[in-house]
K.L.:
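Below is one structure. I have some questions about it.
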Number of protein chains: 2
Amino acid sequence: MANIKDIAAHAGVSIATVSRALRKPDLVKDKTAAKIAAAISELGYKPNMVAASLRRQKADAVIVAVPDIHNPFTSLFVQGVENVAREHGVKVLLAITEGRQDLLDLHYEMVAGKQADGMIVLDVNLPTAIRTQGEDGRTLPIVLVCEYAEASQQPRVRVDDLQAAIAAANHIASLGHRDIACIAGPERQRMSHDRQRGFRLGLRRAGIELHEALVERGDYSIRSGFEATRRLLEQGRPFTALLCENDEMAIGAIRALALDGLSVPGDVSVIGIDNLRFAEFCNPSLTTIALSTDILGEEAMRLMLDYDIDPEIGRREVIVPHELIVRDSTAAPRGQA
Amino acid sequence: MANIKDIAAHAGVSIATVSRALRKPDLVKDKTAAKIAAAISELGYKPNMVAASLRRQKADAVIVAVPDIHNPFTSLFVQGVENVAREHGVKVLLAITEGRQDLLDLHYEMVAGKQADGMIVLDVNLPTAIRTQGEDGRTLPIVLVCEYAEASQQPRVRVDDLQAAIAAANHIASLGHRDIACIAGPERQRMSHDRQRGFRLGLRRAGIELHEALVERGDYSIRSGFEATRRLLEQGRPFTALLCENDEMAIGAIRALALDGLSVPGDVSVIGIDNLRFAEFCNPSLTTIALSTDILGEEAMRLMLDYDIDPEIGRREVIVPHELIVRDSTAAPRGQA
DNA sequence: TTGTAGGCGTTATCAC
DNA sequence: GTGATAACGCCTACAA
């Protein structure tokens, strides 16, 4: 493959000039630039970015590590990251970790090894190297999203899950429900902690207490929502509304209720959080809270870029707008209206 | 940041020995290796992979370009790619193109610029450079998936959509349906072409012809399935079964039928292809054809790896197993049983 | 088993 | 405006 030297020879100039012609075109005479351009297209030259990267100590790429591309967050979030990255000529590479530590570490190597300038971690794990390394002061360009808000010294962003959950609880309370069940997420996760707290806070403001017996946990998957609902139904303790920490579990819940012969929202109202694409097309369509996670992605990327300027950059609490989207899965409890 | 030279100095050996200790540990004496290991951990050394990459002309990374991470194919496919990649120490980076040519080309640059060893393209577009460059014989390590099966000289894999569609049609025909509607995908796409042909072939074997008036097109999104079904219903021409080219459109169809007061499968049976995670939890749950697209991903990655060995490598037609998954959305038409 | 040295393809700093 | 040339950090013959 042709390299910069070949171009220089072919155009009768020095390699320095070729390099300039490509990166700082205003520094070379038009005529020379033309000769060079001709040589380039004639030889089909493509600059070797690895060499450039080695020399400039910059890869112009960041890695976004996500556990799973089905995650409701992921898509919108990544889109936000890309919006900002594109403006700055940075490429975004998605790494799927499946929640596995080893896969996360593998991609972290790319940052340590300079193949990427930084990493945005939207995962339950943290690269192992980061924990051990924190002490010597030198933090790597890593931005954390949502999880581990307290755990580490890294720059991080997070969304206000609390407010979203409060909005969901408000909606249910204002419809007149009093006997309310809840499907929570994994115990250890920050997001679950906040959404759970939001539910309780929202209800308490309306003078309602959540019965501990009516709280079941899932792992944010459809199936876990399905099974959690089964467990709720088996208890026999009645409820007319079901607060789900995310849409996936809400979809599983609706299915479980339907199989049990219960009508939604006639017998039980169901609400989720996330506004998945599928939410609109369930039977019944799902009432939910939409979060603009793309803004979160944008902020994460900005934080990453700012890191270049000042590595002391800290954290950003991103307040993304949330919006209640009322569809067919919620209504006033039977007998009220 | 410490480099190999620092380690060499600190351990009292030459840089060659350090390099060997890392890449070919059996070539160095245990005692030296220990000294080197000590130096490495003491200085917190991380090999610069960019430099290694420049020297070895290899990045040990491939890019998988997909239009959209919601695509039903994507997740499973990527998983397949990663399975094989991991065995070979290759990192997989996902690039999201949104179906845009410029974004695809941007990531293609990484291959041209040696930041990645190759690219697997699961997209409706093709990198522009590839078309212009085909002539001079030198093809780049690019593997095409599904689309453009005829269009180019690149290595490619594709799945047998025809058989999957035939299986769907068989199921519907064997239930006794005769008045059958269909929601097709985008006209130009290879996949749609094959699935469409499969539907017709399967039906014809049962002596059934598809009415052209009962064929509507969508773009594989839920919403398009919803709208296509609306159009079918407006026509007034009766049908008792609906063949959908994918699950997303089938989910949209079910919603449209429900809103129209029709029961599934009482009035209309609905079948999809793909076996999305959501398929199991629809109301009613969706009968569908499961395709093991992960195998397709594995083959694509193998083709990529084989390319290193012999660039003349051609194409593979991957026959992935398909499986009919009968759920609640299909039944015999009213009056039969 | 270890060391020496050349080069991978750029970019950036000088000089001219 | 342009040209020499020294890095960037590593790998790998070849020599010892």
Side-chain angles (χ1 to χ4, degrees), chain A residues 1-40 43-61 89 109-117 140, chain B residues 1-40 43-61 89 109-117 140:
Chain A
M1 180 90 145
N3 62 23
I4 202 172
K5 226 164 163 177
D6 301 328
I7 301 304
H10 202 267
V13 297
S14 77
I15 61 170
T17 306
V18 176
S19 178
R20 272 190 293 255
L22 289 165
R23 298 195 85 82
K24 296 152 178 198
D26 11 328
L27 293 188
V28 325
K29 215 166 39 177
D30 284 5
K31 208 165 153 191
T32 344
K35 275 193 303 190
I36 292 173
I40 285 177
L43 301 187
Y45 166 69
K46 293 279 177 193
N48 184 320
M49 303 182 65
V50 174
S53 189
L54 174 60
R55 181 58 234 242
R56 299 194 311 139
Q57 305 284 44
K58 218 154 186 345
D60 291 325
E109 293 290 305
M110 293 189 66
V111 179
K114 306 284 191 232
Q115 293 188 279
D117 301 324
L140 272 95
Chain B
M1 181 90 144
N3 62 22
I4 202 173
K5 225 163 163 178
D6 300 328
I7 301 303
H10 202 267
V13 298
S14 77
I15 61 169
T17 306
V18 177
S19 178
R20 274 189 292 256
L22 289 165
R23 302 196 81 84
K24 296 149 178 204
D26 12 328
L27 292 189
V28 328
K29 211 163 48 173
D30 284 3
K31 208 165 152 192
T32 346
K35 275 194 303 189
I36 292 174
I40 286 178
L43 301 187
Y45 167 68
K46 294 280 178 190
N48 184 320
M49 302 182 66
V50 174
S53 190
L54 174 61
R55 177 60 232 250
R56 300 195 309 139
Q57 303 285 46
K58 227 168 179 333
D60 290 326
E109 293 290 306
M110 293 189 68
V111 179
K114 307 287 190 227
Q115 294 187 281
D117 301 324
L140 272 96

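Since the structure is predicted, the reported quantities are computational estimates derived from the model, not experimental observations.
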K.L.:
Among D:dT12, C:dT10, D:dG3, which nucleotide sits nearest the side chain of A:S14?
P.N.:
D:dG3
K.L.:
Do A:M110 and A:D117 touch side chain to side chain, with heavy atoms closer than 4.5 Å?
P.N.:
no
K.L.:
When you measure only distances, ignoring hydrogens and angles, does the side chain of A:R55 come within 3.5 Å of the base of C:dT10 through a donor and an acceptor?
P.N.:
no
K.L.:
Does some side-chain heavy atom of B:L43 sit less than 4.5 Å from a side-chain heavy atom of B:I7?
P.N.:
yes
K.L.:
What nucleotide among D:dC10, C:dT10, D:dG9 has an atom nearest to a side-chain atom of B:L54?
P.N.:
D:dG9
K.L.:
I need the CD1-C1' distance between A:I7 and C:dT10, as an integer number of Å.
P.N.:
13 Å
K.L.:
On DNA chain D, compare the nucleotides closest to B:R23 and A:V28; which residue's is nearer the 5' end?
P.N.:
A:V28
K.L.:
In this structure, how many angstroms lie between the P atom of C:dC8 and the NZ atom of A:K46, rounded?
P.N.:
22 Å
K.L.:
Taking all non-hydrogen atoms of both residues, which atom of A:A39 and which atom of A:H10 are closest, and how far apart?
P.N.:
CB-ND1, 3.7 Å
K.L.:
Whole Å only: how far is the CG atom of A:L27 from the P atom of C:dC16?
P.N.:
20 Å
K.L.:
I need the minimum non-hydrogen distance between A:N48 and B:G113, along with the two atoms involved.
P.N.:
OD1-O, 3.6 Å
K.L.:
What nucleic acid atoms does B:A52 come within less than 4.0 Å of, heavy atoms only: base, sugar-phosphate, or nothing?
P.N.:
sugar-phosphate
K.L.:
Pairs under 3.5 angstrom only: tabulate donor-acceptor contacts from the side chains of residues 15-27 of chain A to other protein residues two or more places apart or in another chain.
P.N.:
from, atom 1, to, atom 2, distance (Å)
A:T17, OG1, A:S14, OG, 3.2

K.L.:
In residues 31-38 of chain B, what donor-acceptor pairs under 3.5 Å come from side-chain atoms, sequence neighbours left out?
P.N.:
from, atom 1, to, atom 2, distance (Å)
B:T32, OG1, B:K29, O, 3.2

K.L.:
Figure out the NZ/P separation between B:K114 and C:dT10, and round it to whole Å.
P.N.:
10 Å
K.L.:
For a quick check, tell me whether the side chain of A:R20 and the base of D:dG3 share a donor-acceptor pair closer than 3.5 Å.
P.N.:
yes
K.L.:
If you assign each of B:T17 and A:P47 to its closest nucleotide in DNA chain C, which residue comes earlier from the 5' end?
P.N.:
B:T17
K.L.:
If every non-hydrogen atom of B:K114 is compared with every non-hydrogen atom of A:V50, which pair is closest and at what distance?
P.N.:
O-CG2, 3.1 Å
K.L.:
Which part of the nucleic acid, if any, lies within contact of B:S19, taking any heavy atom under 4.0 Å across all strands shown: a base, the sugar-phosphate backbone alone, or nothing?
P.N.:
base
K.L.:
How many whole angstroms separate atom CD1 of B:I40 from atom P of D:dG9?
P.N.:
16 Å
K.L.:
If you look at every heavy atom in B:Q115 and A:A59, which pair is closest and at what distance?
P.N.:
NE2-O, 3.7 Å
K.L.:
Could you check how far CD of B:Q57 sits from P of C:dG6, rounded to whole Å?
P.N.:
20 Å
K.L.:
Within the structure shown, what part of the strands sits under 4.0 Å from A:V13 by heavy-atom distance: base, sugar-phosphate, or nothing?
P.N.:
sugar-phosphate
K.L.:
State whether A:N3 places a side-chain N or O below 4.0 Å from either non-bridging phosphate oxygen (OP1 or OP2) of C:dG9.
P.N.:
yes
K.L.:
Whole Å only: how far is the CD1 atom of A:I15 from the P atom of C:dT11?
P.N.:
9 Å
K.L.:
Between atom NZ in A:K5 and atom P in C:dC8, what is the gap in whole Å?
P.N.:
7 Å
K.L.:
Could you check which residues of residues 29-36 of chain B get a heavy atom under 4.0 Å from DNA chain C? Sort them by number, please.
P.N.:
B:K29, B:T32
